[in-house]
Participant: 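Below: one structure in structure tokens.
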Amino acid sequence: MSARMRGGAKLAKYLNDVQRNATNAKRVSVGFFRDATYPDGTPVATVAAVQEFGSDRIPARSFMRTTIAERSRQWPCAAEAALRATRCDARQALERLGAAVSNDVQQKIAAITEPPLAPSTVRQRLKKGSERPDKPLIDTGHMAQSVRYQVDYSDD
């Protein structure tokens, strides 16, 4: 008995394409990058770190660590779904995953209500016309809008 196979060249090309696409990106980073600054030049990452960990005058209002604790178990499934949807294109899959994780962080920033702001902070925000003078982490919205992701395509 003999068998004959046709289309081997197409299969080989498909497998080569899958391999190339599966390795065209290495990782995705989510957070506040160097170019994110406030109008006065203050790095958003500095303000975010103070909010995340607190200081001697500002209580911690964790939005990164709590997002990771609450959502990170779902990210592998999201990555798998993104890989399937993009036919194993790592670049597109990591772009989708980065957007989803960034959105998770932004939603957490919007959801934080505790600890409440100091009365002096609320008064200061009222004076400058803030729409949400009593909402922690949201004054101008600049920090939440600065959450971004970057896909790394390098080999290091």
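All of these numbers come straight from a predicted model, not from anything done at the bench.
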Participant: I need the T140 OG1 to R125 CZ distance, nearest 0.5 Å.
Facilitator: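 The distance works out to 8.5 Å.
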Participant: Can you see which heavy atom on F32 is nearest to which on A48, and at what distance?
Facilitator: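 It is CE1-CB, 3.4 Å.
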Participant: Do the charged groups of R91 and E95 touch, with an N to O distance under 4.0 Å?
Facilitator: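 Between E95 and R91 there is no salt bridge, as every charged N stays at least 4.0 Å from the carboxylate O atoms.
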Participant: Report the C-alpha distance between V147 and K108 in whole Å, list the side-chain angles of each, state the deciding distance to 0.1 Å, and finish with yes or no for side chain to side chain contact (heavy atoms under 4.5 Å, CB included).
Facilitator: CA-CA 11 Å; V147 177; K108 177 52 81 175; over 6 Å; no
Participant: Which heavy atom of P115 sits nearest a heavy atom of P136, and at what distance?
Facilitator: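 Shortest heavy-atom contact: O-CG, 3.6 Å.
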Participant: May I ask you to list the residues sharing a hydrophobic cluster with L117, side-chain cutoff 4.5 Å, ordered by chain and number?
Facilitator: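 For the cluster that includes L117, the remaining residues are V122, L126.
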Participant: Please answer: with hydrophobic residues joined when any side-chain heavy atoms are less than 4.5 Å apart, are L137 and Y38 in the same cluster?
Facilitator: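 L137 clusters together with Y38.
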Participant: With sequence neighbours excluded, tell me which residues meet side-chain contact (heavy atoms from CB on, under 4.5 Å) with E52.
Facilitator: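 E52 satisfies side-chain contact (heavy atoms from CB on, under 4.5 Å) with S62, F63, M64, R65 once adjacent residues are dropped.
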Participant: As an exercise, state the distance from CD1 of I68 to CG of D104, rounded to the nearest 0.5 Å.
Facilitator: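 Spacing of CD1 (I68) from CG (D104) equals 10.5 Å.
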Participant: Of T86, D89, V28, L83, which meets side-chain contact (heavy atoms from CB on, under 4.5 Å) against R96?
Facilitator: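 Only one option passes, and that is T86.
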Participant: Run the side chain to side chain contact (heavy atoms under 4.5 Å, CB included) check on Y149 and V101 step by step: do they pass?
Facilitator: CA-CA 8 Å; Y149 67 91; V101 173; over 6 Å; no
Participant: Please determine whether side chain to side chain contact (heavy atoms under 4.5 Å, CB included) holds for the pair D139 and K128, giving the CA-CA distance in whole Å, both sets of side-chain angles, and the decisive distance to 0.1 Å.
Facilitator: CA-CA 10 Å; D139 183 12; K128 68 179 188 178; 2.5 Å; yes
Participant: Are there more than 12 heavy atoms of other residues, nucleotides or ligands under 6.0 Å from atom CD of Q124?
Facilitator: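 Counting neighbours around CD of Q124, 12 or fewer heavy atoms of other residues, nucleotides or ligands fall under 6.0 Å, so no.
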Participant: Quick one: does Q106's side chain have a donor or acceptor within less than 3.5 Å of a partner on A144's backbone?
Facilitator: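 Here the side-chain-to-backbone pair exists.
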Participant: Sub-3.5 Å donor-acceptor pair from the side chain of R132 to the main-chain atoms of G141, do we have one?
Facilitator: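 Checked: no pair found.
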Participant: Please tell me whether I58 and I109 are part of a single hydrophobic cluster in this structure, the criterion being side-chain heavy atoms less than 4.5 Å apart.
Facilitator: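 Different hydrophobic clusters.
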Participant: Which pair of heavy atoms, one from R61 and one from I112, lies closest together, and at what distance?
Facilitator: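 Distance-wise, the nearest heavy atoms are CB-CG2, 4.2 Å.
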Participant: If you round to the nearest 0.5 Å, how far is CD of E131 from CD1 of I138?
Facilitator: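 Nearest 0.5 Å value for the CD1-CD distance: 11.5 Å.
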Participant: For R73 and A69, work out which heavy atoms get closest and say how close.
Facilitator: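 Looks like NH1-O, 4.3 Å.
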Participant: Nearest heavy-atom pair of V30 and S102: which atoms, and what distance?
Facilitator: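 Answer, listing the atom of V30 first, then S102: CG1-OG, 3.7 Å.
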Participant: Nearest 0.5 Å, what's the OG1-NE2 distance between T42 and H142?
Facilitator: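 The NE2 atom of H142 is 9.5 Å from OG1 of T42, to the nearest 0.5 Å.
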Participant: Taking it one step at a time, do T66 and R71 satisfy side chain to side chain contact (heavy atoms under 4.5 Å, CB included)?
Facilitator: CA-CA 8 Å; T66 55; R71 305 284 297 167; over 6 Å; no
